[in-house]
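Computed over heavy atoms, backbone and side chain alike; hydrogens, waters and symmetry mates excluded.
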Amino acid sequence: MNSSVSVLLFGITRDLTGQSSVSVSLLEEARVGDLLTQLHRQYPQLAAIRSLLVAVNGEYAETDQILTPNDEVALIPPVSGG
């Protein structure tokens, strides 16, 4: 069974995709790593961001965290400045 999650995009991730959010179709029990793989296929330029963080429901997530359709996912790019 497929499901989809909505992913919020900020900073350079928004610039590279041209959108502030995207919907990504995933298989049941997909993990954050699967989501990133799917996003990299759709938007290859995102793969060039080395220190991209992922938050699920407001908490930083590891690549092995399982996603559910109601999760709020955000890609958090690196921030420069002092």
Fill in the blank from the handout: Tightest non-hydrogen contact, residues Pro77 and Gly11, listed as CG-CA, 4.2 Å
Problem - Spatial distance of atom CG (Leu16) from atom CD1 (Ile49) [nearest 0.5 Å] - result: 5.0 Å
Let me check something: any side-chain donor-acceptor pairs from residues 30-38 under 3.5 Å, sequence neighbours excluded? List them with distances.
residue	atom	partner	partner atom	Å
Arg31	NH1	Asp64	O	2.6
Asp34	OD2	Arg31	N	2.8
Thr37	OG1	Gly33	O	3.0
Gln38	OE1	Arg41	NH1	3.4

Fill in the blank from the handout: In this structure, CD of Glu28 is separated from OG1 of Thr68 (nearest 0.5 Å) by 11.0 Å
Problem - Over all atoms of both residues, closest heavy-atom pair of Ala74 and Phe10 - result: CB-CE1, 3.8 Å
Exercise for the section: Working to the nearest 0.5 Å, report the span between CG of Leu8 and CD1 of Ile76. Expected result: 9.5 Å
Problem - Validation row: Thr13, Leu39 side chains within 4.5 angstrom (heavy atoms) - result: no
Fill in the blank from the handout: Here the pair of heavy atoms bringing Pro69 nearest to Val5 is CA-CG1, 4.2 Å
Please tabulate, one pair per line, all N/O donor-acceptor pairs under 3.5 Å involving side-chain atoms of residues 52-60, not counting sequence neighbours.
residue	atom	partner	partner atom	Å
Asn57	OD1	Glu72	N	2.8
Asn57	ND2	Asp71	OD1	2.9

Practice task
Write out all pairs satisfying side-chain hydrogen bond (donor to acceptor under 3.5 Å, both in side chains) with one or both partners inside residues 42-52, taking only residues at least two apart or from two chains.
Solution key: Gln19-Tyr43
